[in-house]
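Atoms within each ligand, like the ligands themselves, are counted from 1 in listed order.
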Amino acid sequence: MSQNIEGKVIVITGASSGMGEAAAKHLAKLGAAVVLGARRSDKIEKLAKEIAADGGKALAIATDVTRSDQVRKLVDLAVEKFGRVDVLLNNAGIMPLSPMDRLNVDEWDRMIDVNIKGVLNGIAAALPYMKEQKSGHIINTASVAGHKIFAGSAVYSATKFAVRALTEGLRTEVKPYNIRTTIVSPGAVKTELLEHITEADVQQANKDYVGAVGLSPESFARVVEFAISQPEDMDINEIIFRPTAQEL
Ligand code: NDP
């Protein structure tokens, strides 16, 4: 399944932990050159070194996806060093779940900034190159919470519904440029995501659940591999995956 991955230049946001990190390792093993962005530069630099030591190609640059100038630099780096950008994996995201009546308004803002504007900043940075190349692939990480809403998920779900909406809108517009678009909606996956939930009761309930049923982040990496590795005339537009035991 990896025949259409070797030699591709793949930019990954949120590559410092969890699913982004797993995807970076997996795609680099399959022969892609990966360009890693996240705020924790120590983590992505270490990962890039590990990939290089393993014979792969990787670069890292500190990137806050809420800053359009930094996201542009990330994508520019890929083009400067590797000559093109074949895939953008807009994966950075945060999930500080809470009931709305707790009025964690700063967290609402932050989710909108990272989960929606961060994805838009990625699209704005990569699209001009992909148009010029007349090829490219934009993969956006949404969520099962972008299909289903539950108590505590209102704002997070709203941001992931938005990711799905803007990815589908993009799909309909980029046909002339031969660009593919994929929405990946994971279910429960064991990552650092729950560490940033500030409401102790909400965090504990989620940790209990994800701890019991959650998949490893490599599950996401395999899904991304599947989407990219299809022949260029096949566009995998949306994938939902869950732990088999997940009811939601
Ligand atoms: P992690 O917390 O392990 O990873 C999140 C990544 O996003 C980190 O690399 C983090 O890097 C990065 N990030 C957060 N804020 C910013 C920012 N402002 N700028 C750049 N990078 C940022 O969680 P996951 O791997 O689980 O999350 C990856 C994606 O998957 C997210 O979009 C999440 O919403 C989604 N998702 C996760 C599910 C799960 O069950 N785990 C289920 C469904 C969707 P750093 O802190 O270094 O900046």
Side-chain angles (χ1 to χ4, degrees), residues 11-26 34-48 60-75 88-97 107 109-122 125 139-150 153 155-164 167 183-197 203 206-221 223-224 238-243 245-246 248:
V11 175
I12 304 173
T13 69
S16 60
S17 64
M19 296 198 274
E21 179 184 5
K25 287 181 183 162
H26 189 66
V34 292
V35 181
L36 314 174
R39 291 166 305 170
R40 287 172 292 175
S41 53
D42 53 331
K43 291 221 163 208
I44 49 174
E45 275 159 21
K46 185 164 170 271
L47 178 57
I61 181 169
T63 309
D64 182 335
V65 295
T66 68
R67 295 275 308 271
S68 59
D69 56 333
Q70 294 187 12
V71 182
R72 243 189 338 264
K73 272 192 188 147
L74 171 70
V75 175
L88 169 64
L89 176 51
N90 271 316
N91 166 76
I94 56 170
M95 189 186 72
L97 300 173
E107 293 182 350
D109 285 343
R110 192 90 196 122
M111 278 190 275
I112 290 165
D113 286 344
V114 177
N115 298 0
I116 304 179
K117 291 189 191 164
V119 169
L120 288 170
N121 287 336
I139 304 176
N140 295 332
T141 305
S143 175
V144 164
H147 294 259
K148 298 201 166 192
I149 306 155
F150 53 94
S153 86
V155 180
Y156 179 69
S157 284
T159 65
K160 294 301 190 178
F161 272 76
V163 169
R164 291 183 55 230
T167 313
I183 302 160
V184 180
S185 289
V189 178
K190 287 177 182 157
T191 68
E192 294 179 13
L193 197 67
L194 307 180
E195 298 304 324
H196 310 294
I197 298 177
Q203 186 185 52
N206 278 275
K207 280 190 168 175
D208 290 348
Y209 186 70
V210 177
V213 306
L215 293 167
S216 78
E218 288 71 32
S219 56
F220 173 79
V223 166
V224 171
E238 182 148 23
I239 298 177
I240 309 177
F241 71 97
R242 296 175 172 85
Q246 180 174 334
L248 181 80

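Remark: Thr63 OG1 to Asn121 CG distance equals 11.0 Å, nearest 0.5 Å.
Arg164 and Ser185 form no side-chain donor-acceptor contact under 3.5 Å, judged by distance and modelled atom types alone.
Classification of Lys25 and Glu218 as a salt-bridged pair fails, no side-chain N sitting under 4.0 Å from a carboxylate O. Remark: Arg67 engages Asp69 in a salt bridge, criterion side-chain N to carboxylate O under 4.0 Å.
When each of Leu36, Ile12, Val34 is checked for a side chain to side chain contact (heavy atoms under 4.5 Å, CB included) with Leu47, only Leu36 meets the rule.
Annotation: ligand 1 has protein neighbours Gly14, Ala15, Ser16, Ser17, Gly18, Met19, Ala38, Arg39, Arg40, Thr63, Asp64, Val65, Asn91, Ala92, Gly93, Ile94, Arg110, Val114, Thr141, Ala142, Ser143, Tyr156, Lys160, Pro186, Gly187, Ala188, Val189, Thr191, Glu192, Leu193, each with a heavy atom less than 4.0 angstrom from the ligand.
Scanning for salt bridge (charged side-chain N to carboxylate O under 4.0 Å, His left out) contacts around Asp64 gives an empty result, with sequence neighbours left out.
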